[in-house]
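Being a predicted model, the structure only gives us computed values, none of them experimental. Numbers here simply count residues along the sequence, with the first being 1.
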Amino acid sequence: MAGNQKELRLPSYGGQAVMEGVMMRGKENVAMAVRAPDGQILTYEEKLPALYRSKWMNIPFLRGVLGLWDSLNLGMRFLTKSSNMVNGEDQQIEGKDLVLTVLLSLVLGIGLFFLLPALVSGWLDGPLGFERWGTVGTWLSNLLEGLIRLAILIIYLVVVGRMPEVRRVFSYHGAEHKTINAFEAGAELTPENVSKFTLVHPRCGTSFILTLVLISILFFSLLGPLPLHIRLLTRLLLLPVVSGVAYEYIRFAARHMDDSKLVRALIKPNLALQKLTTREPSEDMLEVSIKAFNLMYEAEQKGSQGTAA
């Protein structure tokens, strides 16, 4: 079965960890499974928004920006829904509230991981003498900005990873990766089989973030020396462009890592960073992840049969 799986082009299934569970996303359907306090596995599924099946998602670079925005909406909504399912509540984030929540998260994320590093490195240009070194100084300044950005990211992940609730989410994140890796290898999806697979996956969002950081160093260096206020403005305006490039790189790496030693070498830092956002899952966590995947996969198969008919 594993051989047949590799000969065929498999769909790029993905997902994310939620509160006490996992959400799995296909091409047309999304499904979630969570572990209730009484031990029961609760499930939920729905059709993905039409955006995922639109012609816009076939346009390189643009699809990365659109997918990122919709993934933020979807992820936030399913995090809320999973919390409600576990706690027996019925409070949803929808409509304007959802958009505002996602926008607030984006503002905080961009401010912390993009504007703050640019601001700090810009302030240090003078004291470190980068302004007098021409092109070399510009590269060094952007390298410093990227290193500050990477340091903030790692410190943030290490700090939040110490919280008990977050550690459990990271364990479910590991369960999600193991389940998808097992499926892509053609293995039968049982907790015993899935537990043998790796915690890392090349299409993980953590890999995207590190790629975004590294590409931003190269991309922003090409702009040359800029006044601080213009430097901050370019980080905002060009973030969608850098995000689109990073998304295409992740897609390329995931497709070619099995047949290229160079690609495998290039993605090693991405996979290493995932160690900060994944933990070894327990057997009951794997059961939840497998349940979510099977629910999504069955819906995908029914949809494809209906289309063929």
Side-chain angles (χ1 to χ4, degrees), residues 2 5 10-26 29-46 71 74-89 156-209 254 270-300:
Q5 293 276 49
L10 290 173
S12 297
Y13 295 135
Q16 74 171 56
V18 294
M19 296 299 295
E20 292 301 323
V22 172
M23 177 263 280
M24 290 290 187
R25 188 180 68 250
N29 300 273
V30 59
M32 179 173 64
V34 300
R35 180 79 68 177
D38 62 2
Q40 182 182 1
I41 298 179
L42 307 177
T43 61
Y44 173 82
E45 63 177 308
E46 66 178 47
S71 292
L74 191 71
M76 188 67 68
R77 187 161 60 83
F78 271 73
L79 275 170
T80 304
K81 189 176 291 291
S82 65
S83 178
N84 291 337
M85 289 170 69
V86 171
N87 296 317
E89 299 174 354
Y156 172 81
L157 292 176
V158 169
V159 170
V160 300
R162 294 180 178 275
M163 302 176 183
E165 297 85 355
V166 176
R167 282 203 301 270
R168 288 192 62 80
V169 172
F170 284 177
S171 292
Y172 276 109
H173 188 198
E176 178 235 324
H177 281 189
K178 282 175 175 281
T179 302
I180 292 178
N181 283 327
F183 168 78
E184 292 179 345
E188 182 183 0
L189 297 185
T190 65
E192 181 180 3
N193 288 340
V194 172
S195 66
K196 300 173 184 176
F197 286 83
T198 177
L199 286 169
V200 299
H201 194 283
R203 293 195 304 273
C204 176
T206 309
S207 294
F208 172 80
I209 294 172
N270 288 348
L271 301 181
L273 189 65
Q274 291 180 35
K275 298 293 186 180
L276 295 177
T277 62
T278 56
R279 300 287 187 274
E280 280 291 340
S282 59
E283 182 175 325
D284 64 323
M285 290 178 174
L286 291 172
E287 289 175 353
V288 171
S289 182
I290 293 169
K291 182 75 171 180
F293 184 89
N294 286 338
L295 192 62
M296 175 276 296
Y297 189 69
E298 289 170 7
E300 292 283 290

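- Distance alone, capped at 3.5 Å, is enough to place a donor-acceptor pair between the Ser171 side chain and the Arg167 backbone.
- Looking only at side-chain heavy atoms (C-beta outward), Glu184 and Phe197 stay at 4.5 Å or farther from each other.
- Under the 4.5 Å side-chain criterion, counting only non-hydrogen atoms from C-beta, Val34 is not in contact with Met19.
- Between Gln16 and Leu74 there is no side-chain heavy-atom pair separated by less than 4.5 Å.
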>> I'd like to know whether Ser207 forms a side-chain hydrogen bond (donor to acceptor under 3.5 Å, both in side chains) with Gln274, so could you lay out the CA-CA distance, the side-chain angles of the two residues, the decisive distance to 0.1 Å, and finally the verdict.
In response: CA-CA 7 Å; Ser207 294; Gln274 291 180 35; 2.6 Å; yes
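- A donor-acceptor distance shorter than 3.5 angstrom exists from the side chain of Ser195 to the backbone of Pro191, with no hydrogens or angles considered.
- Met85 contributes atom CE, which lies 9.5 Å from atom CD of Gln40 (distance to the nearest 0.5 angstrom).
- Side-chain atoms of Met23 and Val30, non-hydrogen and from C-beta on, do get closer than 4.5 Å to each other.
- For the pair Pro281 and Lys178, the minimum side-chain heavy-atom distance is below 4.5 Å.
- Here the shortest heavy-atom pairing between Leu276 and Val158 reads CD2-CG2, 4.1 Å.
- Between Tyr172 and Arg35 the shortest heavy-atom distance is OH-CB, 3.8 Å.
- Nearest heavy-atom pair, Ser82 versus Met32, reported as atom, atom and distance to 0.1 Å: CB-SD, 3.7 Å.
- Comment: Glu176 does not engage Arg25 in a salt bridge, judged by the lack of any side-chain N to carboxylate O separation of less than 4.0 angstrom.
- Closest heavy-atom contact between Phe170 and Gly161: CE1-CA, 3.7 Å.
- A tilted orientation is assigned to the rings of Phe183 and Phe293, their planes being inclined by 30° to 60°.
- Counting only distance, with no hydrogens or angles, the side chain of Asn270 and the backbone of Pro202 share no donor-acceptor pair below 3.5 Å.
- The minimum heavy-atom distance between His173 and Thr206, with the atom names listed, is CE1-OG1, 4.1 Å.
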> Does the pair Arg168 and Glu20 meet the rule for a side-chain contact (heavy atoms from CB on, under 4.5 Å), with working shown?
Replying inline: CA-CA 7 Å; Arg168 288 192 62 80; Glu20 292 301 323; 2.7 Å; yes
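- Here the CE-OG1 distance, from Met296 to Thr43, works out to 14.0 Å after rounding to the nearest 0.5 Å.
- Residues Thr80 and Asn84 meet the side-chain proximity criterion, which asks for heavy atoms closer than 4.5 Å.
- The CD atom of Glu287 sits 11.0 Å away from the OG1 atom of Thr179 when rounded to the nearest 0.5 Å.
- Summarising the geometry, atom OG1 belonging to Thr277 is positioned 8.0 Å from atom CD1 belonging to Ile209; distances are rounded to the nearest 0.5 Å.
- In this structure, CG in Leu295 is found 11.0 Å from CD in Glu300, a value given to the nearest 0.5 Å.
- Under the 4.0 Å criterion applied to side-chain N and carboxylate O atoms, Lys81 and Glu46 are not assigned as salt-bridge partners.
- Heavy-atom minimum distance, Val18 versus Phe78: CG1-O, 4.1 Å.
- Counting heavy atoms from C-beta outward, His177 and Leu199 have side chains that stay 4.5 Å or more apart.
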